[in-house]
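Everything below concerns the one structure shown next.
One is the number of the first residue; the rest follow in order along the sequence.
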Amino acid sequence: MKDKIRVLIPENDVNRKISEIAAQISQDYAGGEVHLICILKGGVFFTCELAKRLTIPVSLDFMSVSSYGSGTQSSGVVKIIKDLDEPLEGKDVLIVEDIIDSGRTLAYLMEILEKRGPKSIRLCTLLDKPERRVKKQVKVDYTCFSIPDEFVVGYGLDYDQKYRNLPYIGVVEQL
């Protein structure tokens, strides 16, 4: 089976929007610092680009959480694959995610992380699919793009581990 990738959000638009969100985050956390939690694997491209554009002190940790197998639909079962290395107590935490759709993973993750005593916890995503939201309590503080319910790849997002390295957001169209 061959895949065709249709460009949904061009590279220039992605870069411009990340700069805008970084400026807003820098303003919101002015005078302080922010502890970024990158959700692996997809979030690493976005997190790195976002961190480079922040003008405030930044610390960084990684977490791997999954509700997908090798398919295109969330399984609904959330697993922590890699936990944080640093404690969160007293920190202003910003969870950085590549995409939020059903909200199951983030609802579970935020519940766990809130118990670890951060000063504050906010959520930043490159892409949001609000029409797929099952967990309505998931509040996204910073969103680069709201997108339709299509399966997207690029900029860290994958289809069965392929296409993460695309510099734009594309839609997989199977031929």
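Smallest separation of non-hydrogen atoms from Phe45 and Gly156: CD1-CA, 3.3 Å. For Tyr155 against Leu126, the heavy-atom pair with the smallest separation is CD2-CD2, 4.0 Å. A pairwise comparison of heavy atoms in Ile147 and Pro130 identifies O-CD, 4.3 Å as the closest pair.
No donor-acceptor pair closer than 3.5 Å links the side chain of Ser64 to the backbone N or O of Ile81. Looking only at distances, a side-chain donor or acceptor of Asp61 sits under 3.5 Å from a matching main-chain atom of Glu86. Checked by atom type and distance alone, the side chain of Thr143 never pairs as donor or acceptor with a backbone atom of Phe145 at under 3.5 Å. Using a distance-only test at 3.5 Å, with no hydrogens or angles considered, no donor-acceptor pair links the side chain of Asp101 to the main chain of Lys129.
Atom CD of Glu89 has 12 or fewer heavy atoms from other residues, nucleotides or ligands within 6.0 Å. The environment of Lys82 atom NZ is dense: over 12 non-hydrogen atoms of other residues, nucleotides or ligands sit within 6.0 angstrom.
Between Arg164 and Asp98 there is no salt bridge, since no side-chain nitrogen of the basic residue lies less than 4.0 Å from a carboxylate oxygen of the acidic one.
When each of Thr125, Asp128, Asp28 is tested with Tyr142 by the rule side chain to side chain donor-acceptor pair (under 3.5 Å), just one qualifies, namely Asp28.
Taking the side chain as every heavy atom from C-beta outward, Met110 and Ile121 approach each other to under 4.5 Å.
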